[in-house]
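Below you'll find the structure, written out as structure tokens, and then a few comments.
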Amino acid sequence: MAKIGNIDVGDFPLLLAPMEDVSDPPFRALCKEQGADVVFTEFISSEGLIRDAAKSTMKLDIYEKERPVGIQIFGANLESMLQSVEIVEKSGPDIIDINFGCPVKKVVSKGAGAGILKDIDLMVSLTEAMVKHTKLPVTVKTRLGWDHDSIKIIEVAERLQDVGCQAISIHGRTRAQMYKGEADWRPIAEVKNNPRMHIPVFGNGDVDTPERAMEMRDQYGLDGAMIGRASIGYPWFFREVKHYFETGEHLPPPSMKERLDAARRHLQMAIDWKGEKLGVFETRRHYTNYFKGIPHFKEYRMKMVTSDDSKDVFDAFDEVEREFADYEFA
Ligand SMILES: Cc1cc2nc3c(=O)[nH]c(=O)nc-3n(C[C@H](O)[C@H](O)[C@H](O)COP(=O)(O)O)c2cc1C
């Protein structure tokens, strides 16, 4: 049974990865319904938060039904990180997660995200200060290292644990790899096998089938799987993994009715949360996967992703329902 601080997250929990512009409250709620055990917000800039930038503070919204939820923040400045911990606490998350893994240049160049992998002492001292500054469990998400020649994840994980980090999620790539190549789970297993480690070690990167999730559990011995891209437009991935764990069999793919129901609810929740314009805009990236595999679908997808008016998108869903009601997904 894995625990993050005092939070019981079950046996081999499935965690929804923090994903910018994806892991928002509506999507997190859908993933939760489908079996995600822990969900995380997208990364939120500590500098943005302390300036009260509306864009950053909106990302702090959480729904009761998605708990346990972690709010992820990033930054490299101690004072800003501590101040943002206080702001984040007011939203009542269950966990505060620190992003030490984001590889994009604009983040890394400021020493934040994966940039901090070049300064492990700072990574540890920032984590320690944050742990001391809050009663909430603090977790870390990071990568294997800055590049292939500087992988020190075993030492890093141990030091983070020693300063009070309550769980670590490790993406099996280096910063230099960005998203290229395959995630390597072997160093993550080495972290887990370190006899000094007692906090949960969650694996991340390329869990895209139930079999891969099972491999992460049984062959690599990790404490849980953090799932990102496989869930985009496909929140059912979580239940498929759980079903496979329980029965060794694959669930049939979700029906057209289920997909339409999710797409409609997703759009409605997004509008309720962000308003018409942003709600319509930010759900677009999910539609390709919601309806993946339907032949000659382009015309309908274009209707879903080009109009700024939610009525057009809902109409497109209705049309799909009429045209493809009996379509069987493979
Ligand atoms: C669109 C997108 C946005 C992401 N945003 C974040 C983020 O805000 N914070 C973070 O820690 N990782 C972020 N990531 C990385 C994912 O959390 C995850 O580590 C990565 O996608 C590998 O897992 P996967 O193979 O299951 O997708 C993002 C990934 C994607 C694809």
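We count ligands from 1, going down the list as the structure has it; atoms in each ligand are counted the same way. For the numbers below, each heavy atom of this structure counts, side chains included, while hydrogens, waters and symmetry mates do not. Source: prediction; values computed, not measured.
- Here's the thing with R285: none of its N/O atoms is less than 3.5 angstrom from an N/O atom of ligand 1.
- Closest to atom 19 (O) of ligand 1, if we only count protein heavy atoms, is N204 OD1, 2.6 Å.
- Near A17, meaning under 4.0 Å from one of its heavy atoms, ligand 1 places the atoms 17 (O).
- Aromatic ring pairs are classed by plane angle as parallel below 30°, tilted from 30° to 60° and perpendicular above 60°; the pair F27 and H286 is tilted.
- Seen from the ring of F329, R259 counts as a face-on cation partner, given the 6.0 Å and 45° thresholds.
- Cation-pi geometry between K311 and F314 is not satisfied (NZ or CZ under 6.0 Å from the ring centre, within 45° of the ring normal).
- The closest protein non-hydrogen atom to atom 3 (C) of ligand 1 is E20 N, 3.2 Å.
- The neighbour count for H148 NE2, taken as heavy atoms of other residues, nucleotides or ligands under 6.0 Å away, does not exceed 12.
- Counting only heavy atoms from C-beta outward, the side chains of I62 and V69 approach each other to under 4.5 Å.
- One option in R143, R212, M226, Q72 has a heavy atom closer to atom 9 (N) of ligand 1 than any other, and that option is Q72.
- In terms of the salt bridge (Lys or Arg N to Asp or Glu O under 4.0 Å) criterion, R301 has no residue partners (sequence neighbours excluded).
- For ligand 1, the polar-atom distance check finds an N/O of K141 within less than 3.5 Å of one of the ligand's N/O atoms.
- Note: an N/O pair closer than 3.5 Å links F43 and ligand 1 by distance alone.
- At under 3.5 Å, not a single nitrogen or oxygen of E42, backbone or side chain, sits near a nitrogen or oxygen of ligand 1.
- Looking at ligand 1, you'll find an N or O of G228 within less than 3.5 Å of one of its N or O atoms.
- Considering T142, T174, V108 as possible partners of L117, the one that fulfils the side-chain contact (heavy atoms from CB on, under 4.5 Å) test is T142.
- Listed by chain and residue number, nothing satisfies the side chain to side chain donor-acceptor pair (under 3.5 Å) test with D326 (two or more places apart in sequence, or in another chain).
- With a 4.0 Å cut-off on non-hydrogen atoms, D206 touches ligand 1 through its backbone as well as its side chain.
- The CD1 atom of I170 sits 12.5 Å away from atom CZ of R143, with the distance rounded to the nearest 0.5 Å.
- The proximity of H171 to ligand 1, defined as any non-hydrogen pair under 4.0 Å, is limited to the side chain.
- Residue Y179 holds the heavy atom nearest to atom 21 (O) of ligand 1 of all those in F40, F100, Y179, F237.
- Here's the thing with P18: one of its N/O atoms is less than 3.5 angstrom from an N/O atom of ligand 1.
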